[in-house]
Amino acid sequence: MSEKSPALIAKENIWVNNPVMVQILGICSALAVTNTLSNTLIMTLGVVFVTGFTNLTVSLMKNLIPRRVRMIIQTLLIAFYVIIVDILLRAFLPEVSRSLGPYVGLIITNCIIMGRAEAFAQSNGALISFWDGITSGVGYMLVLMTVAAVRELMGFGTLMGITIMPQGYMAWTIMLTPPSAFFILGIIIWMAKSFMMKGEKAK
Amino acid sequence: MKKDGIVYTVIFTFIVSFVFVGILAGVNSVTAEQTARNQKLAFQRAVLNALHIKYKDNQEIFDLYQRDIKKSSRSTGNVVLYEYTNENEIFYIKEFSGQALWGTVTGVLVVDQEVDRIVGLDIISHNETPGLGGRIDEAWYKNQFDGELLSPEGKISVGPGGSGDTDHQNHKVDGITGASRTSSLMGIMINAQLDIFKSMLKGGSK
């Protein structure tokens with residue numbers, strides 16, 4: 001069983017050991033789905049949900065899962081929750097489902113989910129694993145939302161669809177294409193890392 | 001039974017797959033009706049949009065569609081056309097889908113009875129990049145097709161990127177800046193649909 005307190009887990013997953021900024025996981029979707037805030041929010045909420053419940057389920061089943069098929073079982077559980085999200089969106093939020101297109105399905109390939117299932121849920125209790133999944137998802141969400149805010153503001157001149165930039169603002173087309181996320185993510189990682197290192201030096 | 005033995009592993013994997021896939025099938029069939037209703041509504045809304053018929057809410061979309069849109073007698077086994085009659089003029093409606101840059105675009109195209117003009121266009125779904133190719137779903141892009149006169153060959157052409165071509169007599173529409181592939185593929189898709197319309201509506205009568 002883990003010795004870590006829930007507060008420490010949250011701090012690690014959201015900041016010190018953030019899945020995107022420190023572990024550099026989930027980069028594919030960080031590049032592809034971050035050009036509008038609303039799409040990013042819904043996709044990352046999907047990831048939070050899937051990571052949380054996959055961790056919970058893996059943890060509950062961990063004593064039953066034979067070692068040699070555990071990764072297949074984890075993938076099956078991830079796919080299960082992602083398809084649930086997809087079906088529910090299609091039935092109850094068709095507009096959202098339409099604008100996310102294939103990205104919901106791509107949550108299955110998000111390495112963060114499997115990473116947490118394998119690294120944490122396999123060896124920890126159910127509730128704390130659930131919490132670990134949720135906070136990892138939130139850590140991912142916060143970084144992606146930051147990237148999306150920059151991209152939407154410069155690419156469309158809007159935030160959450162509300163016009164922010166003055167009239168006559170020339171939108172930056174590059175911000176709408178995935179390469180811009182590379183630059184923005186790089187800058188965010190650089191800033192966060194220098195901030196973290198400063199903190200370490202002060203200690 | 002040994003937990004890492006082959007028998008346990010096979011049985012365990014089988015049961016887990018069976019249970020979770022079973023739940024998925026259950027959720028899917030519970031929501032299937034709602035999903036089908038959404039899809040039908042999306043199509044009906046697109047038809048009304050392409051015909052420029054105003055509506056207030058989903059119920060009105062359903063009512064207007066039921067009242068005014070009929071399946072056309074010109075439909076063939078493979079291609080379904082719908083028609084809408086307004087002041088003795090018949091408009092022909094067709095759902096289309098085709099390949100754009102990243103995925104399939106589906107939409108609705110309406111032409112007049114001589115297939116001389118496009119009446120309107122609406123997009124039901126697409127997977128193009130938001131802000132670039134995704135702008136095919138924006139009003140300025142779709143409005144270019146409203147009442148657009150076709151060339152003598154019955155085609156439209158796609159010009160360079162712009163902010164929308166307001167001249168509806170020049171059988172030309174503007175592409176989208178930064179999305180020339182999507183724009184030209186949309187042009188090809190629509191011209192292919194116009195060919196189908198022509199072969200179905202003009203073939204017999206001339």
Side-chain angles (χ1 to χ4, degrees), chain A residues 32-40 57-58 61 63-70 72-95 97-103 148 151-152 154-158 161 170-178 180, chain B residues 1-42 45-46 58 102-106 123-135 137-138 161 176-179:
Chain A
V33 210
T34 51
N35 65 11
T36 58
L37 272 171
S38 51
N39 279 1
T40 311
T57 320
V58 167
M61 288 169 55
N63 293 329
L64 297 170
I65 305 176
R67 276 204 70 73
R68 67 171 89 177
V69 291
R70 71 182 194 288
I72 295 172
I73 301 290
Q74 287 162 4
T75 315
L76 182 113
L77 292 172
I78 295 165
F80 169 76
Y81 284 113
V82 170
I83 297 170
I84 291 271
V85 171
D86 196 28
I87 291 176
L88 294 180
L89 282 181
R90 220 179 294 160
F92 301 110
L93 294 168
E95 290 301 310
S97 166
R98 186 181 131 169
S99 65
L100 283 177
Y103 293 130
R151 289 181 68 184
E152 187 178 334
M154 311 203 96
F156 289 92
T158 62
M170 197 57 176
W172 297 19
T173 305
I174 186 166
M175 285 296 170
L176 301 171
T177 58
S180 70
Chain B
M1 205 182 296
K2 261 208 340 260
K3 199 182 122 190
D4 277 326
I6 187 134
V7 179
Y8 177 85
T9 305
V10 169
I11 293 176
F12 176 84
T13 313
F14 181 79
I15 293 175
V16 169
S17 313
F18 191 80
V19 169
F20 283 97
V21 173
I23 299 173
L24 276 187
V27 174
N28 192 34
S29 66
V30 168
T31 57
E33 204 177 306
Q34 179 71 30
T35 308
R37 206 178 312 142
N38 291 340
Q39 279 164 354
K40 209 163 132 195
L41 185 71
R45 183 190 296 130
N58 290 347
W102 297 116
T104 306
V105 171
T106 58
I123 306 292
I124 299 174
S125 72
H126 68 82
N127 293 322
E128 302 308 288
T129 321
L132 293 172
R135 296 182 73 195
D137 205 8
E138 289 179 7
I176 299 164
T177 312

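Letters go in sequence order (proteins before strands), and every chain restarts at 1.
Of the listed residues Leu24(B), Val27(B), Thr177(B), Val21(B), the one with more heavy-atom pairs under 4.5 angstrom with chain A than any other is Leu24(B). Note: Ile65(A) leads Ile83(A), Ile65(A), Asn39(A), Ile72(A) in heavy-atom pairs under 4.5 Å with chain B. Highest contact tally toward chain B, considering only Asn35(A), Val69(A), Thr173(A), Thr177(A), is held by Asn35(A) [criterion: heavy-atom pairs under 4.5 Å].
Residue Glu152(A): no heavy atom, backbone or side chain, is found under 4.5 Å from chain B. For Thr57(A), the part lying near chain B is the side chain, with the backbone staying farther off; criterion is any non-hydrogen pair under 4.5 Å. No part of Leu41(B) comes within reach of chain A, as not one of its non-hydrogen atoms sits under 4.5 angstrom from that chain. Contact of Asn127(B) with chain A is made through the side chain alone, with heavy-atom distances under 4.5 Å. Interface residue Phe80(A): backbone and side-chain heavy atoms are both found under 4.5 Å from chain B.
Taking CD1 from Ile23(B) and CD1 from Ile84(A), the interatomic distance works out to 7.0 Å, rounded to the nearest 0.5 Å. Between atom CD1 of residue Ile73(A) and atom OG1 of residue Thr13(B) there is a gap of 4.5 Å, rounded to the nearest 0.5 Å. Distance check: Ile87(A) CD1 to Thr31(B) OG1 gives 5.5 Å after rounding to the nearest 0.5 Å. Remark: Met61(A) CE to Phe12(B) CZ distance equals 4.0 Å, nearest 0.5 Å. Here CG of Leu76(A) is found 7.0 Å from CZ of Phe20(B). Values are rounded to the nearest 0.5 Å.
Judged purely by atom type and a 3.5 angstrom limit, Asn38(B) uses its side chain to pair as donor or acceptor with the backbone of Arg90(A). For Arg67(A) (side chain) and Asp4(B) (main-chain N/O), no donor-acceptor pair under 3.5 Å exists by modelled atom type.
Using a 4.5 Å heavy-atom cutoff, the side chains of Leu64(A) and Tyr8(B) are in contact.
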